Every structure is written in C-alpha cells, then in structure tokens.
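Everything on this sheet refers to the single structure shown next.
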Amino acid sequence: MPAPYKLIIATPDGSVYDGEATRFIARGMSGDLCIMARHENYVTSLGMGMAKVEFADGTERLAACMGGMITVFNGECRVVATTWEWKEDIDVARAESAKNRAESRLSGKDKLSDHDIEIAEAKLKRALIRTGVAKL
Amino acid sequence: MASMKNIKLRIKSIENTMQITRAMKLVASSRLRKAQARVLETRPYTSLLKDSLDEIANSNSDFSSVYVKKREVKKKLYIVFAGDRGLAGGYNANMFRMIESVTKNENAAFLPVGKKALEFLKKRDAEILSESFPLVGEVSVSDCYEMSRIICKGFKNKDFDEIHIAGTRFESVLSQVPFTLQLLPFTPDETEGPRKVATYDPNPDDVFNAIIPEYLAGIIYGVMCESAASEQGARRMAMENATNNASDMIGTLSLTYNRARQSAITQEITEIVAGAGGGEE
C-alpha cells in the first residue's frame with residue numbers, strides 16, 4: 001500500500017479536493033505523470049486529459065482535467081486546474097451535443113477563420129475527453 | 001396648498017416607486033451574496049498560480065520570458081469592467097471618472113466588459129479592441145480565458161506594451177473603490193526566505209509561459225466577480241436610500257394631506273355654524 005500525502009485540487013470555481021491521496025495521475029506538459037508520496041519538488045503545466053486520484057482506502061476516482069498546473073513542494077501536491085470534472089459529474093448528453101456541434105462547425109471549415117477553427121477544435125477535444133472519461 | 005386630490009395622487013405614485021426600489025434592493029442583496037461567494041471561491045486558485053509564478057521568476061537569475069520584459073510604452077490596453085444597467089448609485093460613474101483621469105494624455109485602447117462601459121467608451125470615441133463582451137452578467141470562465149488569450153497575443157505581437165485591468169474592489173457593502181491593476185508585463189513579487197528548489201518540466205520558461213495565460217484568466221475572472229459584487233453592493237445601497245427617501249416623502253405628504261383634510265372640515269363646520277346663526281336672526 002503506497003503512503004498517503006496531502007493533495008489539493010483547486011479550480012476557478014472553487015476548491016475541488018483537499019485531503020489525502022496515495023497516487024495522482026494526470027497528463028502533464030511532456031506526457032503522463034504520476035505523483036506519489038515523497039515526490040521531489042516539481043512544477044509543470046497540465047495538458048488536457050484523464051486524471052486519476054487514488055485514496056488510502058484503495059478507492060480511486062477518475063476525472064476530466066483541462067489545463068492548469070501542478071506543483072509539488074515539501075511533499076504537498078497542489079493541482080490548479082482550469083476545469084476539473086469528476087467522472088460521475090460529467091454531463092454526457094451535454095458533452096455529446098458539444099461534440100456534434102463542434103464537428104458540424106468544422107465540417108464547413110472553409111468558411112471559418114483560423115481563430116474559429118481553433119476554438120471549434122479545442123471544444124471538440126474537450127468534448128471528446130469528457131465523453132471518453134465518462135465511458136471508462 | 002395643493003388640493004387634496006393631487007396630494008393623494010402623489011402619495012400613490014411614490015408608494016409605487018417605493019415598491020419597485022424595495023424589490024430592486026432585495027434582488028441586489030441576494031445577487032450580492034452569490035457574487036461574494038464567487039469571489040471567495042476563486043481566491044485559492046489565483047493565489048496558488050501567483051505563488052508559482054513568483055517562485056519561478058525569482059528562482060532563476062537567467063530567467064527571461066516575453067511576459068516579464070518591460071519595454072518602452074507606446075500603447076496601453078485597459079480592460080474596463082462596468083455594469084450592464086444603471087441605478088447602481090455611483091458604481092458606473094466612479095469607474096468612468098477613474099478611467100478618464102488615468103488615461104488622460106495616454107495612447108490607450110480599451111476592452112470594455114459591460115454595456116455601460118461599452119456605451120461610455122463609444123461616446124468618447126476611444127479605440128475599442130473587441131465588442132464581444134457586452135454583458136458582464138453573461139461572462140463565463142471560458143470568456144475570461146478568451147480575453148486572456150487576446151491580451152497575451154496582443155502583448156506578444158507588440159500591439160500593446162502594457163496591459164491593465166480596471167475593476168471595482170468590494171471593500172464592504174458601504175464602500176466600493178475603483179482600481180487599476182497591471183497585468184502585463186508581469187511584475188513578480190519578491191519571495192521571502194530561502195528559494196525553493198524544484199524540477200521544472202520541461203524547463204522553467206516553458207512552464208512559466210504556459211501558466212501566464214491561465215493566471216491572467218484567473219485574475220480577470222477574480223476582478224469580474226469582485227466588480228459584480230461591487231455593482232450589487234452599490235445598487236443595494238442606492239435602492240435602500242431611495243426606499244428610505246420615498247418613505248420620508250410619504251410621511252410628509254400624509255401630514256400635509258391630513259392638514260388639508262382637517263382644514264377643509266373646519267371650514268365646512270364654520271360655514272354651517274355661520275349659516276345656522278344667520279337663519280336665527
């Protein structure tokens with residue numbers, strides 16, 4: 001059983017989690033990373049993807065995590081995410097409809113400006129991650 | 001003296017106004033509570049990001065990010081937060097007065113948020129960067145990210161050499177103070193104590209540049225929440241005063257009305273008595 005450490009997850013909408021965890025997995029700037037107890041001091045920014053938190057009692061929770069950063073200082077891990085949705089909170093219907101909207105926008109790509117394409121692609125990516133996490 | 005009927009009509013109309021102002025006050029109070037809660041919720045997020053940015057900027061001496069480097073200021077950009085509606089006491093007026101005095105003799109462009117801000121800047125013929133955020137009540141977190149993206153791009157392209165944000169700080173229900181804050185170039189605070197040593201993945205500069213837009217979006221969102229709370233606070237006070245004034249006016253008018261009524265009765269009695277006396281003779 002891995003040792004527990006302090007994990008804080010915060011978003012602009014408020015604090016998501018503040019307590020103990022044994023393992024935290026997320027997608028960082030240069031690939032997936034896993035934080036366990038006694039990790040060295042570490043800072044990186046987060047990409048978009050699935051995140052997983054494992055707790056001392058052996059349970060684990062999945063989430064969709066988009067952007068932000070993660071810092072580990074003196075054994076305390078802080079995750080500052082742009083958005084963080086626990087798997088059970090994801091509104092699959094909404095994510096699906098967002099996915100379809102983005103796809104139909106992108107199908108008429110020629111008419112869109114680069115900026116619009118960028119936004120639609122980002123929306124599509126977020127929607128795909130959400131639905132992906134929800135189906136796990 | 002105004003006729004009794006006129007006084008009665010005025011009382012009635014003031015009562016109607018008072019009903020409206022009282023309702024607006026109640027609405028503002030409940031919105032204020034919500035806005036205040038939102039302000040508190042964003043604080044841990046922005047403070048964590050700010051700490052990390054300060055840490056990175058202070059920990060290496062050869063650190064150089066575009067977002068930190070100062071340059072000659074040819075043009076400034078102000079993000080201006082004001083309300084969507086009036087009837088909020090001095091909330092909008094105070095903000096505009098501050099903008100007016102701060103940007104005097106400056107080459108500045110503006111990014112207004114809120115209908116009143118847009119109207120004000122249009123009237124002044126100011127350069128407006130984007131009109132895509134007309135309603136402050138409908139701005140979401142993702143709009144803040146959009147704003148942050150716009151300003152980071154403008155700063156990197158050297159369209160603007162300094163970027164400021166103008167909002168209203170919520171000090172208490174009684175006092176809201178307009179302020180400006182410099183967003184870019186980012187000025188890190190000196191961190192106290194020994195430096196924390198950490199591994200930056202892949203390197204400090206990339207991490208810093210990736211975090212900056214997030215941080216700015218967080219700050220923008222925070223200022224927006226604070227301004228929204230200020231607006232509701234100002235409106236609540238204004239409406240409370242209006243309600244009190246209305247009830248004072250009703251008080252004085254009722255007094256005048258009763259006096260007029262009494263004097264009319266007295267006059268009638270006098271007339272009757274005089275009439276009856278005249279008949280006896």
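Naming convention: chains lettered A, B, ... in sequence-line order (proteins, then strands); numbering from 1 in each chain. Note that these values count all heavy atoms, side chains included, but never hydrogens, waters or copies made by symmetry. If you're wondering where the values come from, they're calculated on a predicted model, not measured in any experiment.
The number of heavy atoms from other shown groups lying within 6.0 Å of NZ (B:Lys75) is above 12. Taking a 6.0 Å sphere around NZ of B:Lys153, one finds it holds 12 or fewer heavy atoms contributed by other residues, nucleotides or ligands. Within a 6.0 Å sphere centred on NZ of B:Lys115, other residues, nucleotides and ligands contribute 12 heavy atoms or fewer.
Both the backbone and the side chain of A:Tyr42 come within less than 4.5 Å of a heavy atom of chain B. Contact annotation for A:Thr82: both backbone and side-chain heavy atoms come within less than 4.5 Å of a heavy atom of chain B. Neither the backbone nor the side chain of B:Arg38 comes within contact range of chain A; no heavy atoms are under 4.5 Å apart. Residue contact with chain A, scored on non-hydrogen atoms closer than 4.5 Å, involves the side chain of B:Tyr145 exclusively.
Considering all non-hydrogen atoms of both residues, A:Ala10 and B:Tyr45 come closest at O-CD1, 4.0 Å. The two residues A:Gly68 and B:Glu214 make their nearest non-hydrogen contact at N-OE2, 3.1 Å.
Counting heavy-atom pairs closer than 4.5 Å to chain A, the top-ranked of the candidates B:Val207, B:Asp206, B:Thr199, B:Ile211 is B:Thr199.
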Working for side chain to side chain contact (heavy atoms under 4.5 Å, CB included), residues A:Asp13 and B:Tyr221 = CA-CA 10 Å; A:Asp13 296 324; B:Tyr221 187 69; 3.9 Å; yes
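Within the model, atoms OH of B:Tyr200 and CE of A:Met29 stand 13.5 Å from one another, a figure rounded to the nearest 0.5 Å. Between the OG atom of A:Ser15 and the CG atom of B:Leu40 there is a distance of 12.5 Å, given to the nearest 0.5 Å.
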